[in-house]
Amino acid sequence: MGKEIKLPEAFEARMKTMLGEEYGAFRESFEGERVSGLRVNLLKAGREEFEACFKDRFGLRPVPWCREGFYYDETARPGRHPAHEAGAYYIQEPSAMAVVSLLDPKPGELVLDLCAAPGGKTTHAAGRLKGKGLLISNEIHPARAKILSQNVERMGIGGVAVTNEDPARLEKAFPEFFDCMIVDAPCSGEGMFRKDEQAILEWSPENVSRCARRQQEILERAAAMLKPGGRLVYSTCTFAPEEDEGTVAEFLEGHPEFHVIPAGAGNELPGLSKGRPEWVKNGSAKLSDTYRIWPHLAEGEGHYMALLQKDGKADGEEAGRKKQAKAPAFWKDRAGQKLVREFFRDILTDQAFGQWEQERWADRLLLYGEQLYAAPEGMPNFSGLRVLRPGLHLGTLKKNRLEPAHALALYLKPEQVRRQLRLDPESREARDYLAGSTLSAAPDISGWGLVCAGSCSAGWGKWVSGTVKNHYPKGLRKP
């Protein structure tokens, strides 16, 4: 059993009224052991391959509502494993995995994660997009936006732009632009009481009401950015009907162009309970097609989700994109582009370099000072917006060379690169690399290459005279 948790009296009184005879089991769940989860990064590893490799090592069991998700044994400490640093998986609360599973973004779609930090849902969505489409990941708080950007980098994602903006400013920039959206709204955090004592200390009925008002404001902005025919998943980690069914009911009342996508329309997820329209004022039967995860009924913390769709069809193909201003100011320096091309010809295999040229990466380069990025295909103009990561960071342009970025190493797959050193992720050598040590290599090889933890790239090395000089970032090294 876990430690005894003292809950706010007003919260307990409300939950007793809501749950009736179920309340005893609900309350008892707070004293039980909470579960931990991780989600495979499909951009780096296949689910079956990952499970075969780590099932016994981490004590993996499948999460029923997420095909990429697993519960793990807390004593295994997968967050300290080299494969974690290489972006093979993301540590994520199991209930939170249901959000993107419900939305299920498709390759090629334009996606916005509006309140994205620390990045669990963004990185999940990126895996579903399979490198095709555009994902804009936004966080309003600067410090949290930085953490979001770091997690996007660690997971080796290229087709993501990270912004640090107020939703109102994004609304003006992207009218009816997105095919689908994730609105994981800031909430009172009741569903996290079992794992976060601070959430209990900060809770009050007044804060629940404040959160509900803020959620309405965020949904208003989101509605304006969604294309007709597009879908939006709204989620919270709270039990409060005011923030859950109540927020959705109020939004639908003010937006008749939206409807709840009912269960059975391709969005069935096992292990989830239904929403309860009777708990809110003006609650309609359609709210029973929203979803709840209860800690006494499923292995996960408290969560609420509603999958909504905007009626109608987009006004012609690519209508959202056509509403945008001119394309970004891509870097057109011919000498610089030649230097970049030569770098990629040197590090990539012939097949991978041919693919690089076929996808016309050289036409999507962005230069910020000395920092060079490859913009995602179809990226709109971000002029006037705060952008932390305008795509994949390729490296730093020095006088006559490109110093490759750590993000590029994590993005590339080992089979794409000419020089590589594959280390057993369980080995002392892999941990030495993450600590900054120089490694041994064949004496007749020279140039940049990947150091890998198993089948996942972990960072750069430079082959010189029988050694691999370590270029794992100093700020990330593990002593």
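Computed from heavy atoms alone, side chains included, the values below leave out hydrogens, waters and symmetry copies.
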- Would you say L43 and M155 make side-chain contact, with heavy atoms under 4.5 Å? no
- Query: What distance do S235 atom OG and H303 atom NE2 have between them, rounded to the nearest 0.5 Å?
  - Reply: 4.5 Å
- Please determine, by modelled atom types, if S137 and D113 share a side-chain donor-acceptor pair under 3.5 angstrom. no
- Electrostatic pair E301:R34 at N-O distance under 4.0 angstrom: no
- Message: For T122 versus A116, what's the shortest heavy-atom pair and its separation?
- Response: OG1-CB, 3.5 Å
- Task: Check whether the side chains of N41 and T123 place a donor and an acceptor atom closer than 3.5 Å, and report yes or no.
- Result: no
- Ring center gap for H81 and F54 short of 6.0 angstrom: yes
- Interatomic distance, CG@L170 vs CZ@F382, rounded to 0.5 Å, equals 8.5 Å
- Counting N and O atoms only, with roles assigned by atom type, does the side chain of K44 sit under 3.5 Å from a partner on the main chain of K413, one being a donor and the other an acceptor? no
- Query: Less than 4.5 Å apart, any side-chain heavy atom of L38 and any of F58?
  - Reply: yes
- Message: Donor-acceptor check, side chain of E139 to backbone of A117, threshold 3.5 angstrom: yes or no?
- Response: yes
- Side chains of S188 and E243: donor-acceptor distance under 3.5 Å anywhere? yes
- Item | Distance flag, aromatic centroids of Y291 and Y304, threshold under 6.0 Å | no
- Donor-acceptor contact present, side-chain S427 to main-chain D424, <3.5 Å: yes
- Message: Using a strict threshold of under 4.0 Å (side-chain N to carboxylate O), is an ion pair present between E377 and K132?
- Response: no
- Euclidean distance, L308 CG relative to C180 SG, rounded to 0.5 Å: 13.0 Å
- Might you work through the side-chain hydrogen bond (donor to acceptor under 3.5 Å, both in side chains) test for Q351 and Q355, ending with a clear yes or no? CA-CA 6 Å; Q351 182 179 357; Q355 184 69 24; over 6 Å; no
- Donor-acceptor side-chain pairing of T438 and T467 below 3.5 angstrom: no
- Query: Which residues satisfy the side chain to side chain contact (heavy atoms under 4.5 Å, CB included) test with R422, sequence neighbours excluded?
  - Reply: P414, E415, Q420, C452, S455
- Ion pair check, R221 and E217, cut-off under 4.0 Å: no
- Message: Quick test of your reading of the model: are R128 and E68 salt-bridged, counting only N-O distances below 4.0 Å?
- Response: yes
- Query: Is there a salt bridge (Lys or Arg N to Asp or Glu O under 4.0 Å) between R61 and E299 once you walk through the steps?
  - Reply: CA-CA 11 Å; R61 295 182 295 114; E299 290 186 281; 3.1 Å; yes
- Got a sec: does the CD of Q198 have more than 12 other heavy atoms crowding it under 6.0 Å? yes
- Within the side chain of S437, is there an N or O that forms a donor-acceptor pair under 3.5 Å with the backbone of Y433? no
- Query: Mind checking whether F353 and W356 have parallel, tilted or perpendicular rings, split at 30° and 60°?
  - Reply: parallel
- Quick one: does N470's side chain get under 4.5 Å of L439's, heavy atoms only? no
- Give the C-alpha distance, both sets of side-chain angles, the deciding distance and a yes or no for ring-ring contact (aromatic ring centres under 6.0 Å, His included) between W460 and Y411. CA-CA 11 Å; W460 290 112; Y411 170 79; over 10 Å; no
- Message: Tell me if a side-chain donor or acceptor on R364 pairs with a main-chain N or O of G378 at a distance below 3.5 Å.
- Response: no
- Item | N-O pairing of K121 and D184 below 4.0 Å | yes
- Please collect all salt bridge (charged side-chain N to carboxylate O under 4.0 Å, His left out) contacts where either partner lies in residues 461-479, sequence neighbours excluded, each pair once. E85-K478
- Sub-4.5 Å side-chain heavy-atom contact between M379 and L366: yes
- Task: Give a yes or no on whether N400 atom CG has more than 12 heavy-atom contacts from other residues, nucleotides or ligands under 6.0 Å away.
- Result: no
- Task: Nearest 0.5 Å please: distance from the CZ atom of F178 over to the CG atom of L134.
- Result: 7.0 Å
- State, yes or no, whether a side-chain contact exists between T396 and Q371 at a heavy-atom distance under 4.5 Å. yes
- Residue pairs passing the salt bridge (charged side-chain N to carboxylate O under 4.0 Å, His left out) test where at least one lies in residues 382-391, sequence neighbours excluded: E153-R389, E165-R386
- Report yes or no: do R419 and S446 form a side-chain donor-acceptor pair below 3.5 Å? no
- Task: I would like to know whether E357 and R341 meet side-chain contact (heavy atoms from CB on, under 4.5 Å); could you show each step before the answer?
- Result: CA-CA 9 Å; E357 289 210 307; R341 188 173 183 273; 2.5 Å; yes
- Taking the side chain from W65 and the backbone from V99, do they hold a donor-acceptor pair closer than 3.5 Å? no
- Query: Counting distance only, does the side-chain N/O of E359 pair as donor-acceptor with the main-chain N or O of W361 below 3.5 Å?
  - Reply: no
- Query: Heavy-atom distance under 4.5 Å between the side chains of L110 and L135, does that happen here?
  - Reply: no
- Message: Just checking K55: does its NZ atom have more than 12 heavy atoms from other residues, nucleotides or ligands closer to it than 6.0 angstrom?
- Response: no
- Message: Run the ring-ring contact (aromatic ring centres under 6.0 Å, His included) test on Y90 and H124 for me, step by step, so that the C-alpha distance in whole Å, both residues' side-chain angles and the decisive distance to 0.1 Å come before the verdict.
- Response: CA-CA 9 Å; Y90 188 99; H124 193 177; 9.6 Å; no
- Any sub-3.5 Å donor-acceptor pair from N164's side-chain atoms to I140's backbone N or O? yes
- Message: Salt bridge or not between R431 and E429? Use side-chain N to carboxylate O under 4.0 Å.
- Response: no
- Message: As an exercise, state the distance from CG of L402 to CG of D346, rounded to the nearest 0.5 Å.
- Response: 11.0 Å
- Item | Validation row: V260, L307 side chains within 4.5 angstrom (heavy atoms) | no
- Look up atom CG in L450 and atom CG in L421, then write down how far apart they are to the nearest 0.5 Å. 10.0 Å
- Message: Between E49 and R47, does the salt bridge (Lys or Arg N to Asp or Glu O under 4.0 Å) criterion hold? Intermediate values first, please.
- Response: CA-CA 5 Å; E49 168 199 1; R47 184 192 186 282; over 6 Å; no
- Task: Report the relative orientation of the aromatic rings in Y89 and H84; use parallel for angles under 30°, tilted for 30 to 60°, perpendicular for over 60°.
- Result: tilted
- Query: Can E176 and K227 be counted as an ion pair, charged N to O under 4.0 angstrom?
  - Reply: no
- Message: Whether the D73 and T75 side chains hold a donor-acceptor pair (N or O, under 3.5 Å, no angle test) is what I'd like checked.
- Response: yes
- Closest contact, heavy atoms only, P376 versus G158: CG-O, 4.1 Å
- Task: Check whether the ring centres of W448 and F344 lie less than 6.0 Å apart, and answer yes or no.
- Result: no
- From CA spacing to verdict: side-chain contact (heavy atoms from CB on, under 4.5 Å), L272, M305: CA-CA 10 Å; L272 275 62; M305 293 162 292; 3.4 Å; yes
- Item | Donor-acceptor under 3.5 Å (S457 side chain, L412 main chain) | yes
- Task: Find out whether P186 and C211 are in side-chain contact, i.e. whether some heavy atom of one side chain is under 4.5 Å from a heavy atom of the other.
- Result: no
- So, E109 and R231, do they make that salt bridge, N to O below 4.0 Å? yes
